[in-house]
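This report concerns only the one structure given below.
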Amino acid sequence: MLCRAAAESQRSIFPIVYRRLLSGRRHSRPIDSLTTSIRPFPEYSPKKPSIHDADLVRSVVTALKQRRLEPASEVLGHFATGFRPDHLIWSLPNLRSDPDLALALLDWFRSCRGPVPAEALAIGAHLSVVSADLSGARRLLRDGLLSYRNFVGRVIYTYKYWSSTPAVYDLLFRAIVDINRLDEARALFRHLVTYGIIVSSDSCNALLARLTLDHLQSTFAEFQELGLRWDSKSHNILIHSLCCAGKTQEAHEVLLGMKGNADASPDVITFSTLIQGYCNEGELPRAMELFEEMSNKGLAANAFTYNSIITLLCKDGKLVDADRMFVEMLHRGVAPDRAIYTTLINGYSKIGNLNAVYRLVEEMKKSQLVPDAMTYTSVIYGLARSGKMAEANKMLQEMINRGWNPDEVTYTALIDGYGKEGKIKDAFYLHNEMLRAGYVPNVVTYTALADGLCKHGEVEAANELLHEVSGKGLELNEFTYNSLIYGLCKVGNIEQAVQIMVDMEAAGLRPDAYPYTTLMDAYCKSGNMDQAHNLLREMLDRGIQPTIVTFNVLMNGFCTAGLLEDGRRLLEWMVKKSIMPNTTTYNSLMKQYSMEKNMKTVTEIYKEMCSGGIMPDENTYNILITGHSKARNMKEACYFHCEMVSKGFSLRATSYNAYIKGLVRKKKFTEARGLFKEMRSRGFVSDRDIYNIFIDINYNEQNVEMTLELCDEAMQKCFQESEL
DNA sequence: TTAGGGTTAG
């Protein structure tokens with residue numbers, strides 16, 4: 001008893017805990033400058049017990065205080081039947097100095113008498129806070145909030161007598177936010193201001209993070225008006241929400257407003273969030289400016305910051321720049337993590353560089369980073385996009401073996417791969433598997449399926465499928481409509497394709513450069529250059545920015561129609577307008593000039609392209625080698641062939657045929673024979689006259705076995721070809 | 001209670 005009395009006197013104002021709870025401005029604080037408008041907290045005045053009740057209360061309290069190691073149920077057991085909620089309330093003031101005992105009494109009451117009254121829960125929360133049992137306080141507050149309508153009123157009513165600290169209001173506020181009663185949290189903030197209490201910014205941040213942008217902005221302004229000083233984290237939440245809503249400029253203004261705000265200086269997260277916002281909008285220059293600015297301020301970019309920029313570069317197919325950024329990150333000592341690797345793997349997957357994908361996976365494993373479902377999905381996506389379905393399935397198996405479940409994104413990547421290959425049955429089989437696994441195919445899945453059908457001429461089936469799923473409530477998007485437009489164009493139904501673009505607008509989707517380019521391509525391919533031009537004009541009138549693909553479609557149209565002068569004029573115009581032509585643009589022109597046997601102009605264009613810093617691709621080399629071979633410029637053909645091989649590119653069947661014939665013409669039999677062998681080993685079919693040449697050569701060399709083998713092969717392949 | 005990575009169209 002003596003010990004308890006001593007403890008009671010020491011704890012009467014709870015000095016240590018109180019000081020700790022108030023330190024560091026992490027908790028609610030009383031307003032001390034607005035004393036005139038502050039109202040006092042209510043006095044605690046429970047009704048008085050009768051003499052009989054007071055006796056019972058005294059007995060219970062004494063039993064509890066005399067308890068040593070026995071459980072409360074043992075010393076209180078025989079009081080259970082007559083002990084009412086009022087007795088509990090009356091007991092608590094006698095246990096004020098010993099929160100542990102008071103809380104034990106609450107537990108005991110709950111276990112044998114049922115729900116603890118609101119007032120007792122509030123008192124329990126105050127006592128828990130005072131004894132620094134914050135999780136205990138949180139539990140009691142949550143219990144109170146979920147069980148009683150005016151529980152907040154009980155907490156306020158008991159606050160003064162039970163000498164809690166303003167920290168209890170942080171916990172109460174947080175508990176209200178946790179159970180998602182956000183309006184009530186805001187009301188509590190306002191109400192507490194009238195008592196001179198301001199909930200901490202830390203707790204208010206929990207609310208901000210759950211609010212929609214509108215409410216977030218109004219709350220931000222209102223609470224500030226009421227005296228809250230928002231911190232960096234609060235501003236970061238606001239900036240993030242603005243960026244998610246596409247209001248990046250407004251978000252940037254928030255960052256500018258933080259300068260000179262002592263409570264909220266911009267930190268790495270502030271900058272990284274805004275950089276991410278600009279990256280999402282494709283605004284690389286703005287993102288890089290901020291990147292520069294943050295490092296000038298001494299804020300070191302981290303893996304998040306780098307990842308946003310690398311993601312944008314990968315999205316734009318700028319893998320060289322993405323890799324440069326990655327190397328810079330390593331030089332600056334920022335350790336790459338799983339997300340960075342996944343971003344890069346996905347970027348290389350998109351452009352079909354599987355060697356890089358495998359290299360990164362290995363690198364990642366060496367760094368002890370475990371690939372997760374997203375990493376595996378990116379690898380599977382890369383393999384499926386490159387048509388390597390067997391390897392994609394192997395990877396899927398590895399993923400499952402490592403404990404990662406494929407989800408709708410993984411399934412969709414595979415479905416798309418099968419669709420692109422025309423293996424529609426396999427695609428639908430996976431779709432069914434996906435349903436069996438409990439995943440709901442989304443619009444991306446159905447677009448992949450429809451696109452597979454469209455690409456292989458089954459536009460009617462695609463239309464039926466989409467009709468069915470949209471009838472079930474699935475909203476089609478721009479991608480879906482464009483697949484259909486492409487499918488209709490492919491089967492020559494441009495009229496209906498145009499109608500689909502009208503339907504698309506009626507469905508509230510604004511056509512962008514994609515459907516226009518698809519339709520322009522169809523008109524170009526049907527020789528209707530005027531209509532293609534009209535569409536370009538319509539696009540420009542509507543403020544729709546054509547892309548390089550749009551111009552390439554036009555270029556290809558001019559070239560295949562033999563309108564080479566128009567093609568060259570388009571190229572000049574593009575350069576003048578700073579629309580950067582790419583390899584495809586030049587390839588179209590070179591191909592047509594080459595077909596017209598004008599290798600002089602082809603060489604001119606090639607030089608122009610290289611001096612403009614545009615790298616030749618596999619297609620370029622095939623055009624150059626075929627053209628030069630046919631023009632009997634074998635020196636040039638050999639030169640480009642060497643260069644092509646050194647870059648890891650390969651010849652196509654038509655290029656092999658032209659090149660081999662050219663070599664034979666120049667009597668370079670060894671080289672020709674080597675290429676013929678290589679061509680056959682790659683499964684290509686040679687022209688009949690090439691077979692004849694090598695049949696003759698082998699016959700003259702008395703190589704009977706080879707002669708017969710080639711005769712056989714020529715009969716089989718060339719006859720099949722000609723029959724087709 | 002604040003920031004990043006994976007699926008569809010020309």
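A side-chain N or O of A:Gln496 and one of A:Asn493 form a donor-acceptor pair less than 3.5 Å apart.
If you take CG of A:Leu466 and C1' of B:dT8, they are 11 Å apart, rounded to a whole angstrom. Regarding A:Tyr514, its OH atom lies at a distance of 8 Å from the P atom of B:dA9, rounded to whole Å. Regarding A:Ile485, its CD1 atom lies at a distance of 14 Å from the C1' atom of B:dT8, rounded to whole Å.
Checked against side chain to side chain donor-acceptor pair (under 3.5 Å), A:Ser588 has no partners two or more places apart in sequence or in another chain.
A:Lys490 comes within 4.0 angstrom of no nucleic acid atom, judged by non-hydrogen atoms across all strands. Using a 4.0 Å heavy-atom cutoff across all strands shown, A:Ala513 reaches at least one base atom of the nucleic acid.
Distances shown here put a side-chain N or O of A:Lys455 below 4.0 Å from the OP1 or OP2 atom of B:dG10.
Both tests hold for A:Lys455 against A:Tyr486: distance to the six-membered ring centre under 6.0 Å, angle to the ring axis within 45°.
Ring orientation note: the planes of A:Phe291 and A:Tyr306 are nearly perpendicular, at an angle over 60° on the 30°/60° scale.
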Report task. Carefully, step by step, assess A:Asn587 and A:Thr584 under the rule side chain to side chain donor-acceptor pair (under 3.5 Å). Result -> CA-CA 5 Å; A:Asn587 284 349; A:Thr584 310; 5.3 Å; no
Requested in this report: Output, in order, the C-alpha distance, side-chain angles, deciding distance and verdict of side chain to side chain donor-acceptor pair (under 3.5 Å) for A:Thr518 and A:Asp521.
Outcome: CA-CA 5 Å; A:Thr518 309; A:Asp521 192 36; over 6 Å; no
Report summary line: Scoring nucleotides 2-7 of chain B by protein non-hydrogen atoms under 4.0 Å (B base, S sugar-phosphate only, - none) yields BBBBBB
